[in-house]
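Just the heavy atoms: all of them, side chains too, but no hydrogens, waters or symmetry mates, feed the values below. Throughout, protein chains are lettered first and strands after them, A, B, ... in sequence-line order, and every chain is numbered starting at 1.
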Protein chains: 2
Amino acid sequence: MIDRLDGRLIELLAEEPRIGVLEASRRLGVARGTVQARLDRLQAQGVIRGFGPEVDPAALGYPVTAFATLEIKQGQGADVRSHLSSVPEVLELHTTTGHGDMLCRLVARSNADLQRVIDKVVAYDGIVRASTAIVMENPVPLRIIPLVKQASED
Amino acid sequence: MIDRLDGRLIELLAEEPRIGVLEASRRLGVARGTVQARLDRLQAQGVIRGFGPEVDPAALGYPVTAFATLEIKQGQGADVRSHLSSVPEVLELHTTTGHGDMLCRLVARSNADLQRVIDKVVAYDGIVRASTAIVMENPVPLRIIPLVKQASED
DNA sequence: TTTTCGCTGGGCAATCTGCATAGCGGTGCG
DNA sequence: CGCACCGCTATGCAGATTGCCCAGCGAAAA
């Protein structure tokens with residue numbers, strides 16, 4: 001899948017995203033063309049989706065995060081999806097196995113504001129029930145490097 | 001917090017991360033120095049955390065995602081945190097209110113492999129119970145642009 | 001009114017990019 | 001064994017971009 005060099009390249013880019021291809025090639029001790037080729041390949045394969053800016057919702061004024069488990073009326077899945085995707089505070093949505101049918105990540109301006117967001121979310125026929133867990137701490141923020149390391153060292 | 005120009009800049013960078021400051025200034029119809037200054041400010045404020053590569057776990061050989069709700073023995077929180085952070089397949093971890101005490105996102109190489117990951121996760125004294133929901137579909141992948149739009153248009 | 005601040009528009013040297021070249025060594029195949 | 005293929009190295013070059021600087025200007029704040 002990916003080899004050590006790919007892994008090191010991804011780690012390097014994760015640590016210092018501002019560096020260019022040339023600087024990366026120096027750090028890795030390989031030719032510039034090699035880094036260029038690896039990067040192109042990683043992006044073509046979809047391993048690297050892109051280099052979009054990582055925006056912190058808290059800094060945007062949405063310091064409260066919560067996860068909501070939703071129970072959906074049978075056959076309403078598609079409509080619920082499009083309803084939820086129209087709510088900006090819904091940062092992601094998954095359909096899952098288990099007791100709930102969907103799991104979504106929400107943000108809000110405050111705990112009070114979270115009520116407004118949840119109301120907006122459940123204000124839809126297809127949603128039978130929602131149970132919400134507010135995030136208190138985030139000991140492990142979304143990360144990928146440890147996995148990249150493991151995958152590249154196989 | 002952030003104004004329209006900031007919002008447009010973030011949207012632009014999200015759509016086409018490869019463009020530089022100069023090109024961005026052309027697209028936005030402002031001077032290069034302005035874009036430079038806005039970017040610096042957004043990063044200094046923490047609104048933009050960085051431009052790390054977005055890696056797709058599926059392309060790395062981990063196509064299965066799951067969310068696990070963990071129940072923790074009182075007073076064992078800190079140890080559990082460090083235990084979980086040492087597991088590469090744990091992509092993020094939150095402590096939450098509600099029935100569970102923690103919620104974590106896992107990935108695995110297959111449904112069968114997920115068992116191994118879960119075993120590794122719960123192989124720790126402090127964890128009383130784990131209930132797992134496997135992700136089937138991801139109708140709304142992690143996104144931030146709608147929120148940026150809303151925040152910048154206030 | 002004066003000061004401060006953000007934006008503009010320009011300039012400059014140093015750097016990087018995209019693209020192309022050629023050589024080299026390892027691998028798979030007939 | 002000989003050959004073609006592929007990835008990596010190394011290098012070159014023109015054009016674009018970056019980081020940094022400055023002076024002017026208009027609006028908002030003091």
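Going from atom CG of B:D40 over to atom C1' of D:dG19 covers 10 Å, rounded to whole Å. Rounded to whole angstrom, the span from the CZ atom of B:R26 across to the C1' atom of C:dG9 amounts to 14 Å. Taking atom CD1 of B:I19 as the reference point, atom P of C:dT17 lies 16 Å away to the nearest angstrom. Atom-to-atom, CD of A:E23 to C1' of D:dT18 comes out at 14 Å; the value is rounded to the nearest Å. In this structure, the CG atom of B:L39 is 14 Å from the P atom of D:dC20, given to the nearest Å. For B:L22 and C:dG11, the CG to P distance is 14 Å, given to the nearest whole Å.
When each of B:V35 and A:G20 is assigned the nucleotide of DNA chain C bearing its nearest heavy atom, the one mapping closer to the 5' terminus is B:V35. DNA chain D is contacted by both A:V30 and A:R18; A:V30 maps to the nucleotide lying nearer its 5′ end (nearest heavy atom per residue). In terms of position along DNA chain D, the nucleotide closest to A:A31 lies nearer the 5' end than the nucleotide closest to the other residue of the pair B:V21 and A:A31.
Under the 3.5 Å distance criterion, the side-chain polar atoms of A:E54 are matched with a main-chain donor or acceptor of B:G52.
Proximity of B:Q36 to the phosphate of D:dT18: no side-chain N or O atom is located under 4.0 Å from OP1 or OP2.
For C:dG6, the base has no donor-acceptor partner in the side chain of B:R41 [N/O atoms by modelled type, under 3.5 angstrom]. Contact of B:R32 with C:dG11 (side chain to base): a donor-acceptor pair of N or O atoms is detected under 3.5 Å.
B:R18 and B:E23 are not joined by a salt bridge, as no carboxylate oxygen comes within less than 4.0 angstrom of a charged side-chain nitrogen. Salt bridge annotation for A:D3-A:R38: present, with a cationic side-chain nitrogen under 4.0 angstrom from a carboxylate oxygen.
Under a cutoff of 6.0 Å and an axis angle of 45°, A:R109 and A:Y62 form a cation-pi pair.
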